[in-house]
Amino acid sequence: MPAKIITFVTMKGGSGKSTSAMCLGAYWHKQGAKVALIDADPAGTLVRWIEAGEDLADLAAATAGPGTVEKQIDAFLKDGFETIIIDTPGFQSEATDAAIRRADLLLIPMRPSPIDYQVAADTAEHVARLSSAPVRFVLSQTTRGSVIARHMRAQMEDAGLQPMNVEFPARVAYGEAALAGTTPSYYQPRGAAAAEIAQFAAETDRLLSRRRAKAGKASETV
Ligand SMILES: Nc1ncnc2c1ncn2[C@@H]1O[C@H](COP(=O)(O)OP(=O)(O)O)[C@@H](O)[C@H]1O
Ligand SMILES: [Mg+2]
């Protein structure tokens, strides 16, 4: 099985990139998957998050910057990691572009607001110039029952942009888990946040296996 690389990207800070990247990585790690994280944000959010507690102590993670993202990807591939998750900063950078180019799946988290939507759509345009990998939007920090998230979904679909089915409502569990250096999958495994993360992982897996099947078919015809 070829390894898969998932890059979280958007030029807007506070969208939920680091949270969704960490929760996905920790979920797969807990399942026993060979997953590694690359923190390409100079803020070092993921690495600090892991260091804040015990649960994620043996989850492979490395920081990388301009010029080193690709080397770090190759090092993890060489070490046999099957999934690599890359978190990027909330601004355009060489490191972000490298992470976009190498991705098999690009995920753009966004909060449900018109301002966030605009930046997310601009990010999708930038991504499309660098990569032909599938791109999905992930609604984050939504309010249950509100009209705005539904409105955002409709707007995306009109623009030909694809939101994932899963959505991350605003929940204190995310911040509390981060404070303890862990994620809801460990912290409150029976809670609603853990269930969303499991759904997110399953949907991500489906997107990656679809891409793999396509790649397989393409190589058969060569
Ligand atoms: N679903 C959520 N519910 C509540 N708080 C969240 C959720 N997702 C993210 N946050 C919080 O929002 C802030 C920004 O999220 P973060 O993942 O750091 O965004 P980014 O990496 O895109 O800047 C953080 O304080 C994080 O704890
Ligand atoms: Mg971040």
Side-chain angles (χ1 to χ4, degrees), residues 6-27 37-53 55-56 59 61-65 69 84-93 95-97 99-100 103 106-113 115-124 126-127 135-146 148-149 152-153 163-189 191-201 203-204:
I6 305 164
T7 296
F8 286 82
V9 62
T10 177
M11 306 309 160
K12 189 98 172 69
S15 303
K17 287 184 293 298
S18 300
T19 302
S20 42
M22 189 75 248
C23 288
L24 185 64
Y27 176 83
L37 302 175
I38 297 179
D39 190 345
D41 184 350
T45 307
L46 297 191
V47 168
R48 288 190 188 160
W49 188 329
I50 290 171
E51 284 170 356
D55 283 346
L56 307 174
L59 172 52
T63 53
V69 167
I84 298 171
I85 296 173
I86 311 178
D87 187 26
T88 62
F91 49 84
Q92 285 193 9
S93 76
T96 303
D97 286 354
I100 293 170
L106 288 138
L107 297 180
I108 302 182
M110 64 168 266
R111 283 180 301 205
S113 88
I115 297 165
D116 288 66
Y117 173 78
Q118 208 46 60
V119 181
D122 290 350
T123 301
H126 175 71
V127 160
V135 179
R136 290 293 184 281
F137 287 66
V138 185
L139 281 166
S140 171
Q141 300 156 71
T142 57
T143 305
R144 275 159 61 95
S146 74
I148 184 82
M152 288 291 127
R153 281 182 185 274
M164 286 180 83
N165 295 325
V166 71
E167 155 175 336
F168 290 105
R171 295 188 193 280
V172 288
Y174 289 98
E176 281 178 2
L179 196 63
T182 188
T183 68
S185 305
Y186 287 87
Y187 189 72
Q188 286 173 344
E196 282 144 24
I197 294 164
Q199 192 193 337
F200 179 48
E203 200 177 343
T204 304

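Heavy-atom basis, side chains included; hydrogens, waters and symmetry copies ignored. Residues take their numbers from the sequence shown, with the count starting at 1. Both ligands and their constituent atoms are indexed starting at 1 by order of listing.
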Return yes when Gly14 approaches ligand 1 closer than 4.0 angstrom through a heavy atom, no otherwise.
yes
The Mg ion (ligand 2) contact by Thr88, N, O or S atom under 2.8 Å:
no
Between Lys12 and the options Lys17, Met110, Arg111, the side-chain contact (heavy atoms from CB on, under 4.5 Å) test singles out Arg111
Within the distance-only criterion (no hydrogens, no angle test), does the side chain of Thr7 pair as donor or acceptor with the backbone N or O of Leu106 below 3.5 angstrom?
no
Is there a donor-acceptor contact under 3.5 Å from the side chain of Gln141 to the main chain of Gly14?
yes
Inspect the contact between Arg153 and Glu167 and indicate whether a charged nitrogen and a carboxylate oxygen are less than 4.0 angstrom apart.
yes
Nearest protein heavy atom to atom 25 (O) of ligand 1: under 4.0 Å?
no
Taking atom 1 (N) of ligand 1 as the point of reference, which of Gly175, Pro169, Gly16, Pro109 owns the nearest heavy atom?
Pro169
Is Ala178 close enough to touch ligand 1? Criterion: a residue heavy atom under 4.0 Å from a ligand atom.
no
Hey, does the side chain of Ser20 reach the backbone of Gly16 with a donor-acceptor pair shorter than 3.5 angstrom?
yes
Might you point out which heavy atoms bring Ser18 and Trp49 nearest each other, and give the distance in Å?
O-CZ3, 3.8 Å
Identity and separation of the nearest protein heavy atom to atom 18 (O) of ligand 1
Ser18 CB, 4.0 Å
CA sep, side-chain torsions, deciding dist, call: Phe200, Phe168, ring-ring contact (aromatic ring centres under 6.0 Å, His included):
CA-CA 9 Å; Phe200 179 48; Phe168 290 105; 5.1 Å; yes
Protein heavy-atom partner closest to atom 10 (N) of ligand 1 - residue, atom, separation in Å:
Gln141 CD, 3.9 Å
From the candidates Leu46, Thr142, Thr19, the one that places a heavy atom nearest atom 27 (O) of ligand 1
Thr19
Write down the atom of Gly44, the atom of Asp39, and the distance for their closest heavy-atom approach.
C-OD2, 3.0 Å
Could you tell me whether some N/O pair between Ser20 and ligand 1 is separated by less than 3.5 angstrom?
no
Taking 4.0 angstrom as the limit and counting only heavy atoms of Gly13, give me the atoms of ligand 1 inside it, by number and element.
23 (O)
Considering distance alone, does some N or O of Arg171 sit under 3.5 Å from an N or O of ligand 1?
yes
